[in-house]
Amino acid sequence: MDLETLYQPIASELDAVKVGLSALANTFHYGHTNTILEHFFQRPGKLLRPALVLLSAKALVDPLPAPLRERLVQTALGVELLHDASLVHDDVLDSDTERRGQATLNGAWGNKIAVLAGDVIYSRGFGLFTQALPQPLLADVIRLNEQMCSAEIEQARTLGSPLDRETYFRIIEGKTAAFMSVCCHLGASVAAEVNPNYLPHAFTLRRFGLAFGLAYQLFDDHADGDLNCPGLDGVTEGRRHLAKAVDLVSSLPPSPASLELSHLCSFLQEQNS
Ligand code: FPP
Ligand code: MG
C-alpha cells in the first residue's frame with residue numbers, strides 16, 4: 001500500500017494543490033521572501049491534511065461540481081499552508097535544523113526570519129480560507145489555530161515532566177488531532193452544500209479525523225520516544241483509536257473515497273507495526 005494509490009480518487013485535485021504550492025514562491029513583492037519560500041516548498045510533505053479535506057469531500061459527493069471543486073482545492077491548499085506554517089514555527093521552538101531532508105528555515109536563516117516566514121505562509125493560508133469558506137467554517141479554523149497554539153504552550157510548559165493521561169491527550173488532540181478533524185469536517189461540510197442531508201456525515205467525518213489524528217500522534221510519539229505518560233502504551237492506545245476511525249468511516253455510504261479513508265487507517269497501522 002502506498003500514498004499515491006490511496007490518493008487516487010483525489011489525484012487531479014491534489015495536483016492542483018501541488019501547483020499552488022510551487023507557484024507560491026513567485027507571488028511576493030520581496031525577492032528575499034520568494035527565495036526563502038522557494039527553499040521551503042521545494043520539498044513538499046506527504047500532503048496528508050489536504051488529502052483528508054479532499055477525500056472527506058468526495059466521500060460524500062463525487063464528482064464534485066466545478067465551483068465546489070475550486071473552493072475545496074483552495075481549502076486543501078490552505079490547510080497545507082497552515083500545517084507548513086506550524087512546522088516552520090515548531091522547528092524554531094524545537095531548535096531543529098533539518099526537516100524533509102533539508103535545512104529548516106531557522107537552520108538556514110535564523111529564528112527571526114523563520115518566525116516571520118512562518119507568519120507569511122500562515123497569512124496566505126488564511127487568505128485562501130476567507131475566499132473558500134463560509135463564516136462558520138472560518139470560525140472553526142480560527143478556533144483550531146488558537147487550540148494548536150495553546151497545546152504548544154502546554155507542551156512547552158510541561159516539557160520534561162511526566163504527564164497525566166488527561167494532559168497528554170489534551171496536548172495531542174490540540175496539536176495534531178483537532179487539525180485532522182477540522183480538515184475532514186471542512187471538506188465534508190463544503191461538499192454537503194450540495195445536499196444538507198449529508199451534514200450528519202460531515203460530523204461523522206469530523207469524529208473520524210479526531211480518532212485518526214489521535215492514533216497518528218500516539219504512534220509518532222511512541223516511535224520518537226516522546227510518550228512521557230506513565231502507564232500509557234502508545235501502540236495499544238493508537239490501535240484502539242484507529243479501530244474507532246475505521247468503524248466511523250465504515251458507517252458512511254460506500255464510495256471510492258471513503259474506502260481510501262479506511263485504507264489510510266490500514267496504512268497508518270502498517271507503518272507502525
Ligand atoms: C510538530 O510536532 C508540530 C505540530 C504538530 C504543531 C505545531 C504548532 C505550533 C507551533 C503552533 C503554531 C501554529 C501555527 C498555525 C502558526 P512535533 O515537534 O512533535 O513533530 P516533528 O517531529 O515533526 O517536529
Ligand atoms: Mg518538532
Side-chain angles (χ1 to χ4, degrees), residues 1-22 41 43-64 68-69 72-84 87 99-101 176-192 198 201-202 204-220 222-223 235 238-273:
M1 206 178 291
D2 58 47
L3 281 181
E4 205 179 317
T5 314
L6 296 177
Y7 292 169
Q8 201 54 48
I10 52 164
S12 73
E13 288 82 5
L14 265 191
D15 281 345
V17 170
K18 287 180 201 161
V19 169
L21 284 177
S22 56
F41 288 109
R43 297 280 175 93
K46 297 186 291 289
L47 302 181
L48 178 58
R49 287 152 191 83
L52 288 174
V53 170
L54 296 166
L55 284 171
S56 297
K58 285 205 168 179
L60 305 189
V61 179
D62 194 6
L64 292 162
L68 282 193
R69 182 182 183 276
L72 284 159
V73 167
Q74 283 183 319
T75 304
L77 181 53
V79 298
E80 184 58 19
L81 294 179
L82 187 56
H83 173 58
D84 287 336
L87 294 182
R99 180 179 290 279
R100 298 176 182 165
T176 303
F179 194 2
M180 295 193 182
S181 174
V182 165
C183 287
C184 295
H185 192 240
L186 294 179
S189 303
V190 171
Y198 296 154
H201 296 321
T204 302
L205 280 157
R206 188 175 185 117
R207 291 169 60 212
F208 162 84
L210 185 68
F212 180 84
L214 289 171
Y216 184 97
Q217 193 61 48
L218 279 155
F219 288 144
D220 198 54
H222 173 81
V235 174
R239 285 189 183 152
R240 198 170 68 77
H241 285 285
L242 214 44
K244 187 172 169 188
V246 172
D247 270 359
L248 285 163
V249 84
S250 59
S251 72
L252 295 173
S255 69
S258 64
L259 183 65
E260 293 312 340
L261 283 171
S262 167
H263 288 162
L264 203 53
C265 295
S266 317
F267 179 77
L268 185 60
Q269 171 101 37
E270 243 177 64
Q271 299 273 303
N272 289 283
S273 52

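Keep in mind that the numbers below use all heavy atoms, side chains included, and drop hydrogens, waters and symmetry copies.
The shortest non-hydrogen separation linking Ala202 to Leu60 is N-CD1, 4.3 Å. Between Thr204 and Ser251 the shortest heavy-atom distance is CG2-OG, 3.7 Å. The minimum heavy-atom distance between Ala59 and Ala257, with the atom names listed, is N-CB, 3.5 Å. Taking all atoms of both residues into account, the shortest heavy-atom contact from Ala215 to Gly238 is CB-O, 3.4 Å. Considering every non-hydrogen atom in both Phe219 and Val235, the closest pair reads CE2-O, 3.7 Å. Counting all heavy atoms, side chain and backbone alike, Ala177 lies closest to Leu214 at CB-N, 3.5 Å.
The environment of Glu270 atom CD is dense: over 12 non-hydrogen atoms of other residues, nucleotides or ligands sit within 6.0 angstrom. Within a 6.0 Å radius of CZ in Phe41, other residues, nucleotides and ligands contribute more than 12 heavy atoms.
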Before you tell me yes or no, could you show the steps for His241 and Phe212 under side-chain contact (heavy atoms from CB on, under 4.5 Å), namely the whole-Å CA-CA distance, both residues' side-chain angles and the distance that decides it to 0.1 Å? CA-CA 7 Å; His241 285 285; Phe212 180 84; over 6 Å; no

Apply side-chain contact (heavy atoms from CB on, under 4.5 Å) to residues Tyr7 and Leu48 and explain how you reach the verdict. CA-CA 9 Å; Tyr7 292 169; Leu48 178 58; 4.1 Å; yes

Show, in sequence, the C-alpha distance, side-chain angles and deciding distance for Cys184 and Arg206, and conclude whether the side-chain contact (heavy atoms from CB on, under 4.5 Å) test is met. CA-CA 5 Å; Cys184 295; Arg206 188 175 185 117; 5.7 Å; no

Residue pair Lys244, Phe208: steps toward the side-chain contact (heavy atoms from CB on, under 4.5 Å) verdict: CA-CA 8 Å; Lys244 187 172 169 188; Phe208 162 84; over 6 Å; no

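Under 3.5 Å, the side chains of His263 and Glu260 contain a donor-acceptor pair of N or O atoms. Side-chain contact check for Asp2 and Thr5: at least one donor-acceptor pair (N or O, by modelled atom type) lies under 3.5 Å. Between the side chains of Arg239 and Ser273, no donor-acceptor pair of N or O atoms lies under 3.5 Å.
A salt bridge links Lys58 with Glu13: the distance from a Lys NZ or Arg NE/NH1/NH2 to an Asp or Glu carboxylate oxygen falls below 4.0 Å. Salt bridge Arg100/Asp84: present, at least one basic N to carboxylate O contact under 4.0 Å.
With Arg43 contributing its side chain and Gly101 its backbone, the two residues share a donor-acceptor pair below 3.5 Å. Here the side chain of Ser258 pairs a donor or acceptor atom with the backbone of Ser255 at under 3.5 angstrom.
Taking 4.5 Å as the limit, every side-chain heavy atom of His222 sits out of range of all side-chain heavy atoms of Asn272. Side-chain contact check for Pro9 versus Leu55: some heavy-atom pair is nearer than 4.5 Å. Using a 4.5 Å cut-off on side-chain heavy atoms (C-beta onward), Leu14 and Pro50 make contact. In this structure, Leu52 and Leu264 have side chains that are in contact, with non-hydrogen atoms separated by less than 4.5 Å. The shortest distance between side-chain heavy atoms of Leu47 and Leu3 does not fall below 4.5 Å.
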